[in-house]
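Below is one structure, written out as C-alpha cells, with a few remarks after it.
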Protein chains: 2
Amino acid sequence: MADHVDLVLAQWSERRPDLDASPMAVMGRLKRLATLVDGELRRNFAAHDLDSASFDVLATLRRSNAEHSLTPAGLMRSSMVTSGAITQRLDRLEARGLVTRKPSETDGRGVQVTLTKAGLDLIDAVLPAHVATEDRLLAGLSTEERTQLADSLRTLLESLGDKTD
Amino acid sequence: MADHVDLVLAQWSERRPDLDASPMAVMGRLKRLATLVDGELRRNFAAHDLDSASFDVLATLRRSNAEHSLTPAGLMRSSMVTSGAITQRLDRLEARGLVTRKPSETDGRGVQVTLTKAGLDLIDAVLPAHVATEDRLLAGLSTEERTQLADSLRTLLESLGDKTD
DNA sequence: GTGATCTACCTCACCGCTAAGAGATCCACT
DNA sequence: AGTGGATCTCTTAGCGGTGAGGTAGATCAC
C-alpha cells in the first residue's frame with residue numbers, strides 16, 4: 001500500500017538521490033493528516049454555526065473549572081495562537097452572547113472570561129458530535145494502535161518541550 | 001510524564017465524566033504537533049526569504065519531473081489548498097522570477113508552470129536545511145519509533161481515503 | 001454539428017491570524 | 001517609596017487562505 005507521502009518520497013529519491021528525505025515520512029504525514037482532520041471537523045462545527053476557533057475557546061472554558069472561566073492569557077497558553085487572535089475570538093463570542101468579559105477584581109490588567117448559559121448549552125450540545133466525529137476518523141486504527149500512536153506523539157511533543165500548563 | 005493533552009483529558013474527565021474524550025489523545029496531539037512543527041519550519045524558511053506556501057510549490061515542482069514542471073491543477077492536488085490559493089502563490093513566485101507560466105500547447109485552458117534557474121537554485125539550497133530541521137525535530141524518537149509512527153500515520157491516512165495522485 | 005456538461009484557471013470579497021507595538025498594571029529589588 | 005522589567009490586554013496593518021463564481025476551452029451524447 002502507498003499513500004501520497006510514499007509517492008513524494010519516491011519522487012525525491014528519483015530527483016535528489018543524495019538527499020535523505022526520510023524525515024518527511026513522519027512530517028509529511030503529520031501535516032497532511034492535520035489538514036484532512038481539520039477539514040472534517042470544520043464540517044461538524046459548521047452544522048452548529050461554529051468554527052474551530054470558537055469551538056476551541058468554548059471547549060477550553062468548559063473544561064477548565066466549575067465556573068467555566070479563564071483569563072485571555074490562559075486561553076492563549078492553551079490554544080497556541082497569539083494574544084491578538086484571542087482578543088478577536090473573544091470579540092466574536094461576546095458579540096454572540098456566548099461569553100462575557102469582566103475586569104478582574106484582583107489584577108487591574110486582567111479580564112475574566114466566562115461562558116454564558118447560551119455558551120454552555122452550545123458547547124455541551126456540540127461536544128458529543130465532536131468526539132463522535134473524531135472517533136469516526138480514527139476508525140481505521142484498533143484500540144491498541146490508537147494508544148501506541150498517542151504515546152509516540154506524546155513522546156515527540158515532550159521532546160519538543162510542549163508544556164503542561 | 002504528562003503533556004498538555006494529558007491535562008486536557010484529565011480536565012474533561014473531571015468536568016464531563018460522561019463524555020468519552022479518548023479520541024482527543026490522538027487528535028489533540030496531532031493538531032498540537034502540526035502547529036509546533038509548522039512554526040519551527042517557518043523559521044528555517046524565513047532565513048531563506050521563503051514561507052511554507054512558496055516552499056511547498058517550489059519543492060513540488062522540484063521533485064515532480066526532470067523538467068520541474070506541472071500544471072496549477074497538479075499543484076493543487078498535491079497541496080490540499082484551493083485553486084484560488086494556487087493562483088496567488090504562483091503570482092507571487094512568478095513576480096519573484098522563481099517560476100514561469102506558459103500556456104499549454106495541447107490544452108487551451110491549461111498552463112504549464114516551470115521552475116526557473118533561480119527557483120531551482122533556491123529550492124536546492126533550502127532543501128538540505130529543511131530536512132535537517134525536520135530530522136532535528138524528530139530527535140526524540142529512535143529510528144524504529146519513527147518507522148512505527150510513520151506506519152500508523154499512513155494507515156490512518158489510507159483509511160481516510162488519502163489519494164496517491 | 002449542436003447543446004449540455006465538465007474542467008482549468010482566475011477573480012474578488014471576506015475572514016482569521018500574525019507581528020509589532022502601545023498602554024496599563026504588577027512585582028521584585030533596592 | 002521608586003524604579004525597571006515583566007505581564008496582561010488590546011490595536012492595527014498586512015497577509016494568505018477560502019468560497020463563490022466567472023470565463024474559456026474541452027468533451028461527450030445524440
Side-chain angles (χ1 to χ4, degrees), chain A residues 31-32 34-36 38-43 45-46 49-58 69-96 99-114 163 165, chain B residues 31-32 34-36 38-43 45-47 49-58 61 69-96 98-114 165:
Chain A
K31 175 167 186 169
R32 210 163 167 87
T35 305
L36 271 175
D38 260 21
E40 291 292 327
L41 295 181
R42 198 174 51 240
R43 224 179 304 179
F45 294 144
D49 264 305
L50 271 181
D51 54 79
S52 311
S54 296
F55 175 86
D56 188 30
V57 171
L58 296 180
S69 183
L70 272 179
T71 63
L75 287 166
M76 185 177 86
R77 277 189 285 274
S78 170
S79 68
M80 305 180 87
V81 296
T82 60
S83 64
I86 293 294
T87 298
Q88 294 172 49
R89 287 178 176 192
L90 293 176
D91 288 346
R92 299 195 292 271
L93 290 169
E94 194 177 26
R96 289 183 61 184
V99 306
T100 58
R101 275 195 270 217
K102 83 172 173 49
S104 164
E105 293 169 2
T106 57
D107 186 333
R109 303 161 302 174
V111 169
Q112 204 63 24
V113 181
T114 308
K163 305 263 178 52
D165 66 29
Chain B
K31 174 166 186 171
R32 211 163 166 86
T35 305
L36 271 175
D38 259 21
E40 291 291 328
L41 295 181
R42 198 174 50 241
R43 224 178 304 181
F45 293 144
D49 264 306
L50 271 180
D51 53 81
S52 310
S54 296
F55 176 85
D56 188 30
V57 171
L58 296 179
L61 290 170
S69 183
L70 273 178
T71 63
L75 287 165
M76 186 179 85
R77 277 188 287 272
S78 170
S79 67
M80 307 180 86
V81 296
T82 59
S83 64
I86 293 293
T87 298
Q88 294 173 51
R89 288 178 176 192
L90 293 176
D91 288 347
R92 299 194 291 272
L93 291 169
E94 194 177 26
R96 290 182 60 185
L98 301 175
V99 306
T100 57
R101 275 195 269 218
K102 84 171 172 49
S104 163
E105 293 169 2
T106 58
D107 186 332
R109 302 162 302 176
V111 169
Q112 203 63 24
V113 180
T114 308
D165 66 30

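Naming: A, B, ... by sequence-line order, numbering from 1 per chain. Both backbone and side-chain heavy atoms feed into the values below; hydrogens, waters and symmetry mates do not.
For the pairing with L98(B), the side-chain contact (heavy atoms from CB on, under 4.5 Å) check across L93(B), L90(B), L61(B), V57(B) returns one residue only, L93(B).
Proximity of R77(B) to the phosphate of dT7(C): no side-chain N or O atom is located under 4.0 Å from OP1 or OP2. Put simply, R89(B) has no side-chain N or O that comes within less than 4.0 Å of OP1 or OP2 on dC15(D).
Within residues 99-109 of chain B, the residues that have a heavy atom under 4.0 Å from DNA chain D are, in order of number, D107(B), G108(B), R109(B).
Distance, R42(B) CZ to dT18(C) C1': 8 Å, rounded to whole Å. When rounded to the nearest whole Å, the span between CE of M80(B) and P of dT18(D) equals 11 Å. Put simply, CG on D38(B) is 13 Å from C1' on dC17(C), counting in whole angstrom units.
Counting atom types as modelled, S83(B) pairs a side-chain N or O with a base atom of dC10(C) as donor and acceptor under 3.5 Å.
Note on the helix from dG1(C)-dC30(D) to dT30(C)-dA1(D): terminal axis deviation equals 30°, with five pairs used at each end and the result rounded to 10°.
Among the nucleotides dC9(C), dT9(D), dC17(C), the one closest to the side chain of T87(A) is dT9(D). Taking only side-chain atoms of A73(A), from C-beta outward, the nucleotide of dT9(D), dC17(C), dC12(C) with the closest atom is dT9(D).
Partners of Q88(A) by side chain to side chain donor-acceptor pair (under 3.5 Å), not counting sequence neighbours: none found.
Backbone-only contact: A53(B) has heavy atoms under 4.0 Å from sugar-phosphate atoms and none from a base. Residue contacts shown for A85(A) include a base, since a base heavy atom lies under 4.0 Å away. Nucleic acid contact class of G110(A) (heavy atoms, under 4.0 Å, all strands): sugar-phosphate only.
A salt bridge is defined here as a Lys NZ or Arg NE, NH1 or NH2 lying under 4.0 Å from an Asp or Glu carboxylate O, and D56(A) with R89(A) meets this definition.
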